[in-house]
Amino acid sequence: MKILVLLKKVPDTGLTLQVKPDGSDIVRDNITYVINPYDEFAIEEALKIKEKLGDVETVAISVGDEGAKEQIRTALAMGLDRGILVKVDGFWDLDGYTTAMMLKDVIEKEGFDLILTGKMAVDDYNSQVPAYIAEFFNIPQATYIVKLELDGNTAKVERELETGMEEWEVPLPAILTCEKGLNEPRYPSLRGIMQAKKKPIDVVEPSFTPSEAIKKVKLAPPPEKAPGKIIDKEFPENVKELIRLLREEAKVL
Amino acid sequence: MANILVFIETKKDEIREFSLEALNTARKIADASGGKVYALLVGKTDGFDDTLAHYGADVVYKVTDERLSNYLTVPYAKAVKAAMDKAGASVFLLSATSLGKDLAPRVAAKFGVPMVSDLTGLEYKDGKFEIVKPLYAGKVYGTFELSAEPAIISLRPKIFEKGEPDTSRSASSEELTVDLTDDDFRAKVVEVKEKETGEIDVTEADIIVSGGRGVKGPEGFELLRQLIDVLNKAGVGKVALGASRVAVDSGWIDHSHQVGQTGKVVAPKLYMAFGISGAIQHLAGMRTSKVIVAVNKDPEAPIFKVADYGLVEDLFKVVPEMIKELKEIYKVE
Ligand SMILES: Cc1cc2nc3c(=O)[nH]c(=O)nc-3n(C[C@H](O)[C@H](O)[C@H](O)COP(=O)(O)OP(=O)(O)OC[C@H]3O[C@@H](n4cnc5c(N)ncnc54)[C@H](O)[C@@H]3O)c2cc1C
Ligand SMILES: Nc1ncnc2c1ncn2[C@@H]1O[C@H](COP(=O)(O)O)[C@@H](O)[C@H]1O
């Protein structure tokens, strides 16, 4: 069995970000990058399947710049077998369609039984790439999975939606997108880190030129909010005042 | 001229409000461009014509098919494609719900075009869209120009107005047949477990009462549930229980309540944070709320930076007092 895991390099989620004065991008000096948190669930799930079934090859694939090798290397240190970097400078400006088109050739060449991805990248909040890939390869997709059980050639999954839970059965080959709750991603062990140094990361150039249908006009900080009020009265007057303000000023109660 | 197709999501025999937001947005674009608005219903299609007309549809397309009573990506994407072709639509609009985010990119892939997700701003000018979308968990807002044809767009729920229904409007309706094969049903729905009635999801709520580490345990959430109960009885809107990641990871409450970067993105009219510090990943999920209240013992807590109203106070004093006060005002038990 062969599992491909798609992962994206994203800015560390704990950082405060600044926009460049000309609005062309965020300030990228001194930014630390991590694996997109949802992609860690995909990595972990691939490893769990491998531990259970034994004969499984796991490959990490990322569209990213040279630096994204570091995130791929982390995935290898967690335990994936090898990595492929589709190398593009300024990859963070790519739209979901372009990213998927850049992954297409590599995925086709590799072949797969299962593709695991995150439910979305936390930099673009898109949730697009997996569905494009599913359509390109004419395979079923199941998104937001919080439970996965492989039964022969069928993936039994639980999907977490805002309206409730759904159980789906999806025959392989398929693409599944991982939601928090699926598993607890492991940390790379010291041994894993040593081993990862010897695992191969192939670098390929994309053959697809980025689409120009989505043009960046500018980036800006979030809209300013008027400074709030700290209600400076003694208890319980402050609670009464809060409720009064919510009713009379904000008109939300 | 932009003909626009809007996907209409239904739940328990009702149209989801978010679909009406998309429909009203489509109406405005169509009015400006001289196009028509087509609403698409798949699966359960009976009894919605009037509402859809009142909120802006000119034509209601219906794909009535037993096999589509539950959502499935592949056949639904095919239905959308068929409806787009039939309507000669150059725009596909829907709400970025779980379903919308699953469906839209699959449709975009069928057309081989890039799409834009989860927008908070949308304007149609000179045959192009100018869109606004939060990036990096809302730390940055991006403005982009979308010229893809068709333009495939999902809107963040609760940001766009659904407007007032215009009861003088009517719409024609048409059954659509979609050519579906067994192959389209490779993925199967085995079971749908809808939320228990009474339990409102944070993404659907008008008001969210949210707890963090400061509530100290499951009992703290029971206290917040009492507040929710009173608000529900007061009839001030749909009220849901939210939580920070610490509260979820401590096992005090289910992950489905988590707000934030690895939880849900919400935009209620009122978000009340009790014992939540306001870490950047939490803000990512709730900063687009219209009014934010923070109750925290620590005056330095970053949550106060985004709060419209703040109380520097022990939540275990504040919540019971709020319950008492609200009971008096709204005359509920
Ligand atoms: C990749 C990643 C993703 C994340 N995603 C999310 C996410 O989706 N959602 C999320 O919430 N977090 C997320 N986090 C975690 C986030 O960084 C914070 O750790 C978390 O939000 C803190 O939760 P908290 O505010 O409940 O706890 P704390 O930060 O510990 O704050 C507790 C607050 O309660 C106050 N308090 C204590 N007792 C009382 C009392 N009796 N009355 C009033 N106030 C009191 C304290 O003053 C304090 O400010 C993520 C982190 C990472 C790294
Ligand atoms: N540049 C990329 N390289 C590899 N995988 C990606 C990339 N961008 C997105 N993905 C995958 O697609 C998922 C959804 O991303 P997105 O569509 O950008 O929200 C991510 O969680 C990744 O698994």
Side-chain angles (χ1 to χ4, degrees), chain A residues 11 13-14 16-17 19 26 37 95-98 122-128 131-132 134-136 140-144 160-171 180-181 211 213-222 225 228-231 235-236 238-240 242-243 245 250 252-253, chain B residues 11 73-74 97-98 101-102 105-106 108-110 113-118 134-148 186-195 201 203 236 255-256 261-262 269-270 280-281 287 291 304 306-313 317-318 321-322 325:
Chain A
T13 58
T16 334
L17 301 175
V19 176
I26 54 170
D95 59 82
Y97 169 72
T98 300
V122 298
D123 54 354
D124 58 33
Y125 268 53
N126 271 344
S127 301
Q128 294 180 3
Y132 278 113
E135 182 67 22
F136 295 162
Q141 71 191 59
T143 45
Y144 324 123
E160 186 179 298
L161 314 174
E162 81 246 353
T163 45
M165 287 286 208
E166 290 188 357
E167 266 177 57
W168 284 27
E169 277 182 16
V170 187
K180 187 189 173 191
S211 153
I214 302 173
K215 280 210 183 74
K216 180 159 45 176
V217 178
K218 67 171 188 333
L219 302 186
K225 262 194 106 147
K229 264 185 212 170
I230 296 285
I231 300 170
F235 183 83
N238 54 2
V239 176
K240 289 197 166 71
L242 171 66
I243 289 178
L245 287 167
V252 289
L253 280 186
Chain B
K11 186 183 154 197
T73 316
V74 172
T97 59
S98 313
K101 282 186 282 192
D102 187 81
R106 190 90 194 205
K110 282 195 182 295
V113 292
M115 67 157 294
V116 289
S117 312
D118 208 20
L135 299 167
Y136 304 101
K139 291 173 208 169
V140 174
Y141 275 58
T143 306
F144 300 85
E145 228 172 57
L146 172 70
S147 56
R186 271 180 281 168
K188 289 184 180 60
V189 180
V190 180
E191 203 186 340
V192 176
K193 292 177 233 168
E194 289 198 358
K195 288 244 159 74
D201 190 78
T203 55
V236 287
H255 170 245
S256 62
Q261 186 159 305
T262 38
K269 66 175 185 186
L270 175 59
I280 199 151
Q281 294 95 347
R287 70 185 317 154
V291 177
F304 288 120
V306 298
D308 299 277
Y309 302 106
L311 282 187
V312 182
E313 193 70 83
K317 282 164 70 187
V318 173
E321 186 63 25
M322 281 183 88
E325 181 75 9

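Chain identifiers are assigned alphabetically (A, B, ...) following the order of the sequence lines, protein sequences preceding nucleic acid strands; residue numbering begins at 1 within each chain. Values in this document were obtained by computation on a predicted structure and should not be read as measured data. Every heavy atom of this structure was used, including side-chain atoms; hydrogens, water molecules and symmetry mates were not.
Contact annotation for B:Asp102: both backbone and side-chain heavy atoms come within less than 4.5 Å of a heavy atom of chain A. Heavy atoms of A:Thr163 lying under 4.5 Å from chain B belong to its backbone as well as its side chain. Heavy atoms of B:Ala108 lying under 4.5 Å from chain A belong to its backbone as well as its side chain. Contacts between B:Phe304 and chain A at a heavy-atom distance below 4.5 Å involve the side chain alone, from C-beta outward. For chain B, the nearby part of A:Tyr144 is the side chain; its heavy atoms alone come within less than 4.5 Å. Using a 4.5 Å cut-off between heavy atoms, B:Ile280 contacts chain A through its side chain alone, with no backbone atom that close. Within the 4.5 angstrom heavy-atom criterion, only side-chain atoms of A:Ile26, from C-beta onward, approach chain B. Using a 4.5 Å cut-off between heavy atoms, B:Lys269 contacts chain A through both its backbone and its side chain. Heavy atoms closer than 4.5 Å to chain A are found in both the backbone and the side chain of B:Glu191. Using a 4.5 Å cut-off between heavy atoms, B:Thr203 touches chain A through its side chain atoms alone. For a residue to count as touching a neighbouring chain, one of its non-hydrogen atoms must lie under 4.5 Å from one of that chain's; by this rule B:Val113 touches chain A with the backbone only. Within the 4.5 angstrom heavy-atom criterion, atoms from both the backbone and the side chain of A:Leu253 approach chain B.
To the nearest 0.5 angstrom, B:Ser117 atom OG is 8.5 Å from B:Lys101 atom NZ. Between atom CG of residue B:Leu135 and atom CG of residue A:Leu219 there is a gap of 6.5 Å, rounded to the nearest 0.5 Å. Between B:Leu146 atom CG and A:Lys215 atom NZ the span is 10.5 Å, to the nearest 0.5 Å. How far CD of A:Glu166 is from OG1 of A:Thr143: 9.0 Å, rounded to the nearest 0.5 Å. Of the inter-residue distances, the one linking A:Ile243 atom CD1 with B:Met322 atom CE reads 4.5 Å to the nearest 0.5 angstrom.
Of the listed residues (B:Asp118, B:Val116, B:Val74, B:Thr262), the greatest number of heavy-atom pairs within a distance under 4.5 Å of chain A belongs to B:Thr262. Put simply, of A:Asp124, A:Val170, A:Ile214, the one with the most heavy-atom pairs under 4.5 Å next to chain B is A:Ile214. Heavy-atom pairs under 4.5 Å with chain B peak, among A:Pro11, A:Gly96, A:Ala220, A:Ser127, at A:Ala220. Of the listed residues (B:Glu145, B:Lys11, B:Lys193, B:Arg106), the greatest number of heavy-atom pairs within a distance under 4.5 Å of chain A belongs to B:Arg106. Comparing A:Asp95, A:Asn126, A:Val19, A:Thr98 by heavy-atom pairs within less than 4.5 Å of chain B, the highest count is held by A:Asn126. Ranked by heavy-atom pairs shorter than 4.5 Å toward chain A, the options B:Val236, B:Val190, B:Thr97 are led by B:Val190. Counting heavy-atom pairs closer than 4.5 Å to chain B, the top residue among A:Ala142, A:Gly181, A:Gly164 is A:Gly164. For the set B:Arg287, B:Lys110, B:Gln261, the count of heavy-atom pairs under 4.5 angstrom toward chain A peaks at B:Gln261.
A pairwise comparison of heavy atoms in B:Pro114 and A:Ser211 identifies CG-OG, 3.2 Å as the closest pair. Scanning both residues, B:Ser98 and A:Glu162, for their nearest heavy atoms gives OG-OE1, 2.7 Å. Considering every non-hydrogen atom in both A:Leu242 and B:Tyr309, the closest pair reads CD1-CB, 3.7 Å.
Remark: A:Lys180 engages B:Asp249 in a salt bridge (Lys or Arg N to Asp or Glu O under 4.0 Å) (not counting sequence neighbours). Take B:Glu313 and apply the side-chain hydrogen bond (donor to acceptor under 3.5 Å, both in side chains) test, not counting sequence neighbours, and it matches A:Asn238, B:Lys317.
Remark: A:Glu169 does not engage B:Lys188 in a salt bridge, criterion side-chain N to carboxylate O under 4.0 Å.
Around the NZ atom of A:Lys218, the shell of radius 6.0 Å holds no more than 12 heavy atoms that belong to other residues, nucleotides or ligands.
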